[in-house]
Amino acid sequence: MLAHGVLAPNSHNLQSWKVVLEGEDSFLLYVDTDRLSPKADPLGRQVTISQGTFLEYVRIAAEELGYETDIELFPLGEYGPEGSVENLGSKVVARVSLKETTKETKAGHETEVSTSSHLYSMMFLPDTYRVPYMETKLLQEDVKKLEVLSTENVSIVIFQEAEDIEKLGDIAFRAAEVEAGLERIQVESSELFRPNEWKKNEFRYGFTMEGQGLSSLKVHLLQSLVSLFPSMNSPEASRDSFLSQTVTAVENTPAYALIISKGNSRTVQVETGMLYSRFVLTATDRGYVMQPMSQATEEYSEMTGIYQEIHEKYAEEGETVHMLIRVGVPEKEVPPTMRFDVMDIIEE
């Protein structure tokens, strides 16, 4: 079940999960503070959301394998709002207990189990597509099916009207320009880039060329060039590539989605991640893919103006926009991103 959790989408592909086993039927989930992105995620909000994506993948896998999950969030209380290593690592995020499903239990949850089983096979497909999308709009019945996933505290809202596509695309691009102009964040991103097979085997987290939607031939050629000329993997190169990809993405997006919550507690952030996982899997099952473009929701000082703008236009008072996501049908397929071996996240 934990091996399935490792497949979950997560911020910057950091896979910041640490698991401590409790006996044979429960475990504790912590943030792995060895893998954070403090420059882009100064408050640790994104890494907290990633804890939720992991938990939802575990829950769906457990149901498929014949187990019920009891997920208790922050059993010892939430950690604070700071993004420091000391704070994020100070409290357990969740205690997850497993119980084998009985015939009676299964009969009482046939619809839920069936739905989860349907989503199970989607877990093995890529969760992020950084490629152009077709002009195809989402079917209205699919929009309803995706928006109804919303919970009491966290909502999914999908936008397909031309006016919203233009507004949200403009916000996404201007936010990318801000981020591209910040050396500290570009350095952080370039340090997470794995330019060749040797680096991918050494570090099973971060970004790769395949994840940018390049063909196998281009990947092979670029890996050779970067290996010969390491300066190609510089903060400047990272910035230029990021901006170029953002322009292509914005010009080839038929729909956007926002994930918006009531409040911004750590518990709500985890719930946001759980909803996002279900959103990804359900959309994949309906033939759609997605890519988070959430720079506008980040909390460092240079992004304040755009952060306030997206909230003023799309959120009510007291609400938080956690994610801006492009959604559509991809022009081409991409491979799954690299992942840790499950034993790498288990602390003995």
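Here, residue 1 is the first one in the sequence, and each next residue gets the next number.
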Where the side chain of D41 meets the backbone of R45, is there a donor-acceptor pair that is under 3.5 Å apart?
yes
What pair of heavy atoms forms the shortest contact from V250 to A172, and how long is it?
CG2-CB, 4.4 Å
D70/V96 under side-chain contact (heavy atoms from CB on, under 4.5 Å): CA gap, chis, key distance, verdict
CA-CA 6 Å; D70 178 17; V96 181; over 6 Å; no
Counting only heavy atoms from other residues, nucleotides and ligands, does the tally under 6.0 Å from CD of E166 exceed 12?
no
Counting distance only, does the side-chain N/O of Q269 pair as donor-acceptor with the main-chain N or O of N264 below 3.5 Å?
yes
Begin from the C-alpha positions of K262 and E316 and carry the test salt bridge (Lys or Arg N to Asp or Glu O under 4.0 Å) through to its verdict.
CA-CA 9 Å; K262 297 176 182 177; E316 300 293 334; over 6 Å; no
Counting neighbours of NZ on K145 that are heavy atoms of other residues, nucleotides or ligands and sit closer than 6.0 Å, is the number greater than 12?
no
Can any side-chain N or O of T53 pair as donor or acceptor with the backbone N or O of P9 at less than 3.5 Å?
yes
Nearest heavy-atom approach of L243 to A180 is CG-CB, 3.7 Å
Can you check side-chain contact (heavy atoms from CB on, under 4.5 Å) on V6 and D341, steps first, answer last?
CA-CA 8 Å; V6 174; D341 183 284; over 6 Å; no
To check you understand the geometry: which heavy-atom pair defines the closest contact between A94 and I71, and what is its length?
CB-CG2, 4.4 Å
Please round to the nearest 0.5 Å and tell me the distance separating atom CG of L192 and atom OG1 of T208.
12.0 Å
Please check if the side chain of K91 supplies one atom and the backbone of F74 the other of a donor-acceptor pair under 3.5 Å.
no
Does R266 use its side chain to pair, donor to acceptor, with the backbone of P81 at less than 3.5 Å?
yes
So, for V92 and P75, which heavy atoms are closest and what is the spacing to 0.1 Å?
CG1-CG, 3.5 Å
Determine yes or no for a side-chain-to-main-chain donor-acceptor pair under 3.5 angstrom, with S265 supplying the side chain and V268 the backbone.
yes
Which atom of T246 lies closest to which atom of M293, heavy atoms considered
CG2-CE, 3.9 Å
If every non-hydrogen atom of V280 is compared with every non-hydrogen atom of M290, which pair is closest and at what distance?
CG2-SD, 3.5 Å
Consider only side-chain N and O atoms of D142 and Y288, and report whether a donor and an acceptor are under 3.5 Å apart.
yes
Within the distance-only criterion (no hydrogens, no angle test), does the side chain of T282 pair as donor or acceptor with the backbone N or O of L146 below 3.5 angstrom?
no
Check against side chain to side chain donor-acceptor pair (under 3.5 Å), E179 and Y300:
CA-CA 10 Å; E179 187 147 299; Y300 50 84; 2.6 Å; yes
Between K144 and E141, does any NZ, NE, NH1 or NH2 come within less than 4.0 Å of an OD or OE carboxylate oxygen?
no
Do Y314 and E319 pass the side chain to side chain donor-acceptor pair (under 3.5 Å) test, and can you show the C-alpha distance, the side-chain angles, and the key distance before you say yes or no?
CA-CA 9 Å; Y314 291 99; E319 293 183 336; over 6 Å; no
Mark yes when over 12 heavy atoms from residues, nucleotides or ligands other than E202 sit less than 6.0 Å from its CD; otherwise mark no.
yes
Charged N-O contact under 4.0 Å between D285 and R278:
no
For the backbone of T248 and the side chain of N252, can you confirm whether one donor and one acceptor N or O come within less than 3.5 Å of each other?
yes
Do H322 and S261 have side-chain atoms, one donor and one acceptor, less than 3.5 Å apart?
yes
Evaluate the criterion side-chain contact (heavy atoms from CB on, under 4.5 Å) for residue pair L65 and H4; output intermediate values, then yes/no.
CA-CA 11 Å; L65 298 172; H4 289 81; 4.3 Å; yes
Same cluster for V342 and Y67 if Ile/Leu/Val/Met/Phe/Trp/Tyr side chains link at under 4.5 Å?
yes
Could you label the plane-to-plane angle of the H12 and F207 rings as parallel, tilted or perpendicular, counting under 30° as parallel and over 60° as perpendicular?
perpendicular
Short question: side chain of Q15, backbone of R204 - any donor-acceptor pair under 3.5 Å?
yes
Donor on one side chain, acceptor on other, Y276 and E56, under 3.5 Å:
no
Does the side chain to side chain donor-acceptor pair (under 3.5 Å) test come out yes or no for T267 and E78, once each step is laid out?
CA-CA 7 Å; T267 296; E78 298 180 350; 2.7 Å; yes
Inspect the contact between E188 and R184 and indicate whether a charged nitrogen and a carboxylate oxygen are less than 4.0 angstrom apart.
no
Here's one to test your reading of the geometry: is the NZ or CZ of R194 within 45 degrees of the ring axis of Y205 and under 6.0 Å from its centre?
yes
Between F124 and Y120, is a ring pair (Phe, Tyr, Trp, His ring centres under 6.0 Å) present by the stated rule, with each step listed?
CA-CA 8 Å; F124 303 96; Y120 176 78; 5.3 Å; yes
Roughly how far apart are F340 CZ and I345 CD1, rounded to 0.5 Å?
9.0 Å
Judged by atom type as modelled, is there a donor-acceptor pair below 3.5 Å linking the side chain of S16 to the main-chain atoms of L36?
no
Let me see the working for I325 and Q291 under side-chain contact (heavy atoms from CB on, under 4.5 Å), right down to the final yes or no.
CA-CA 6 Å; I325 309 151; Q291 175 196 355; 5.8 Å; no
Between R95 and F27, is NZ or CZ placed under 6.0 angstrom from the six-membered ring centre and within 45° of the ring axis?
no
Could you grab the distance from atom CD of E161 to atom NZ of K137, nearest 0.5 Å is fine?
7.5 Å
